2 protein chains.
Amino acid sequence: MKSKTAGRVGIEDVAERAGVAISSVSRVLSGHKAVSESMRKRVEKAAEELGYQPDHLAQSLRRGSTRTIGFMIRDIMNPFFSIIAQSCEIELQKSHYSMILVNSGGSETNERNNLNLLKSRRVDGIICSLVSENTVDVKSNLKNFNAPVLLLDRELPDLKTSSLLCDHASGVHDAVSHLISEGHTRIAFISGPRNIYVTRNRLEGYERAFKEAKLEIPTDLVKLKDFSEKFAKEETLKLFQLPDPPTAILTGGIGPSGGALYALKDLNKSVYTDIKFIALDEWPFFDILSPNLMSVHRDPEIMGKYAAKLIKELIDGGAPKTIVIPTVFRNHESLTDQGFGK
Amino acid sequence: MKSKTAGRVGIEDVAERAGVAISSVSRVLSGHKAVSESMRKRVEKAAEELGYQPDHLAQSLRRGSTRTIGFMIRDIMNPFFSIIAQSCEIELQKSHYSMILVNSGGSETNERNNLNLLKSRRVDGIICSLVSENTVDVKSNLKNFNAPVLLLDRELPDLKTSSLLCDHASGVHDAVSHLISEGHTRIAFISGPRNIYVTRNRLEGYERAFKEAKLEIPTDLVKLKDFSEKFAKEETLKLFQLPDPPTAILTGGIGPSGGALYALKDLNKSVYTDIKFIALDEWPFFDILSPNLMSVHRDPEIMGKYAAKLIKELIDGGAPKTIVIPTVFRNHESLTDQGFGK
DNA sequence: CGTACCATTGGAAACGTTTCCACACAACGG
DNA sequence: CCGTTGTGTGGAAACGTTTCCAATGGTACG
């Protein structure tokens, strides 16, 4: 009843109850060394009895650190991304960081605004999956950001950022090689824009497989623009108008995979009998409900954990570094051997 | 160069540049009425030139409001929940709220800790999907929470909270009635714990369908404990040990659905030919890659939007209310008619 | 026994805003 | 011409912490 603010119990209330100074309470509670045992006990008792919870805002303001990480993502509904974010969140929580997740929806204007928002919220670090590696605006915003930055599947060598990349090339290479070994040559490849690491890297794997087999690269089947479902659907439909349509399709990312699948449905083509389909990235229950589909797999949960680790290292003053996560080609055909999902 | 803190530009820098008092800058930037046109222009110009971004921390501390919503969820990896959270976050962003997402992982200890975390972070409101409606500890924590609370698929009438519920009963009823009309009577039902709204409500629909058909309820096929994949898998395996095993299964939630599907795979039973499978809640690409499966559908995106709306209303001083979202039974068999996914 | 040092503690400034209050000045009515 | 009202502005307190600094008292050492 003595407390000034009716609702909240503040450090002052604890100090009063323990009969000590405010500064002493702070020292005890923040684990400072120079406190006597009796002081420690009295303060801890008082804090416990009052159910004192330090005000994170005030702490942050004073300490100059919010223990909050900003996570900016292109498509927050995409299960692949959201698993990364969530696994990262779980990992960060262990170190008492919180996460603010913002969605750019693939728009560079939103990216800029979101960066300002995060700056305003004074996050201690930011993790982001950028739309492009070439948006001048966003890059300068990142450069002036007064907190360390971790990029997902992007490279900006001129900025002092860490990067978490995936070795898409080898997974895609193995997938395409497998298709070629089965006799496919008309292998379509639909993915995002050419000017970002992930697409460049996937394309590299795709082309390498053809070169190794001494085959011409079917450039008329390579469709690179964005990660939207819409684009992938339209392109898939067009591909089957060709005189020499594809016999296999690779789609990069969950959005495009969905787009292509919907197109195939419209075309009345079965992914189980009519065409080989390889998804780059999986979605929940992929392995169990999508017999005959193949994929290039990377583990978003692991990626989230690495992301947490990398950003913490940067915050703690570590030097920027790049980590590359492996991808593996998964042939799920074995599932049908078990008679499941005929 | 005059600024005290090298890195940041503060309101003081703006004031200095504009040649006015700090308080005036604040008034202009927060859209206060009593400012002259000349003052407004000078301040806005100075702020623009310096690229001033107000410090959200200091604002929050002073204003007593963080414009942040806490979102506590049981299983952050579950695509159904994560879509709700994300849709909600997109909606909140429009009103300049941010979201802090925390994961209880289904543990009541974590729930308590997370609530303390959110309290400490002084969120303006909290949205949560609780493990149980009966955890004394958590309930008292919620009651003492100095911000409004919105519950997802839970009811706590003695607390002054809003609730966002779903009308599971009618969807489940329709699904079970459909199965009965096809001649099924051995219909298993696997879902979460009995003592929460969602399970009670689903069970109600399940039982009503049997009663309407004047059939005995097969209580030996009803397995209610938790939403884990593990439980559902084990129970599914056990169900097929019965002398009179089920011919159809309903599983409540994405976790349990996955568990049951993995069990069926182990049992070498095809969900396409051997058993009718109805999922309560769908997952990404359900409609396109899971031919012959049926579901009781509710729209997580809509739920997220309602959640945002409800919590904002509470924050703005509105009275607690309950909204009920419909669910619909979806029979996907039509997909096979198109020859897709044989 | 005095001095220097160390361990502990309390007081107060600081973090970057918002907002209350007081003041200056103009306009206005009596 | 003076009191009243109103408008715009600046100064300073406040939000709830942390941390710097000074002060206290005790102990060890010369």
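Chain letters run A, B, ... following the sequence lines, proteins first and then strands; every chain starts at 1. Worth saying up front: this structure is predicted, and the values here are computed from it rather than measured.
Taking 3.5 Å as the limit, the base of D/dG16 and the side chain of B/Arg62 contain no donor-acceptor pair of atoms between them. Judged by distance alone with a 3.5 Å cut-off, a donor-acceptor contact links the side chain of A/Ser23 to the base of C/dG10.
Judged purely by atom type and a 3.5 angstrom limit, A/Arg67 uses its side chain to pair as donor or acceptor with the backbone of A/Ser95. Between the B/Arg17 side chain and the B/Lys45 main chain, no donor and acceptor come within less than 3.5 Å of each other. Within the 3.5 Å criterion, the main-chain N or O of A/Pro54 finds a donor-acceptor partner in the side chain of B/Ser120. Although no hydrogens or angles enter the test, the distance criterion places no donor-acceptor pair under 3.5 Å between the side chain of A/Asp316 and the main chain of A/Gly318.
In this structure, B/Lys119 atom NZ and D/dG16 atom C1' are separated by 17 Å, rounded to whole Å. Here the C1' atom of nucleotide D/dT17 and the CZ atom of A/Arg67 are 16 Å apart, to the nearest Å. Computed from coordinates, the A/His56 NE2 to D/dT18 C1' distance equals 14 Å when rounded to whole Å. At whole-Å resolution of the value, CZ in B/Arg63 and P in D/dC15 are 17 Å apart. Rounded to an integer number of Å, the gap from B/Asp13 CG to C/dG16 C1' is 11 Å. Regarding A/Glu12, its CD atom lies at a distance of 9 Å from the P atom of D/dT17, rounded to whole Å. For A/Leu61 and C/dA14, the CG to C1' distance is 9 Å, given to the nearest whole Å. Per the geometry, CD1 belonging to A/Ile22 stands 13 Å off C1' belonging to D/dT19, to the nearest Å.
For C/dG16, the OP1/OP2 oxygens have no side-chain nitrogen or oxygen of B/Tyr52 closer than 4.0 Å. For A/Arg8 and D/dT17, the shortest distance from a side-chain N or O to OP1 or OP2 is below 4.0 Å. Between B/Ser24 and D/dG10 there is a side-chain N or O to OP1 or OP2 distance below 4.0 Å. Phosphate contact (OP1/OP2 of C/dT17, side-chain N/O of A/Arg122, threshold under 4.0 Å): absent.
Using a 4.0 Å heavy-atom cutoff across all strands shown, B/Ser36 reaches sugar-phosphate atoms only and no base atom. Here A/Arg40 lies out of heavy-atom contact (under 4.0 Å) with every strand.
Counting heavy atoms of neighbouring residues, nucleotides and ligands inside a 6.0 Å radius, atom OH of A/Tyr306 does not exceed 12 of them.
Residue A/Met39 is the one, among A/Met39 and B/Arg27, whose nearest nucleotide of DNA chain C lies closer to the 5' end (criterion: closest heavy atom).
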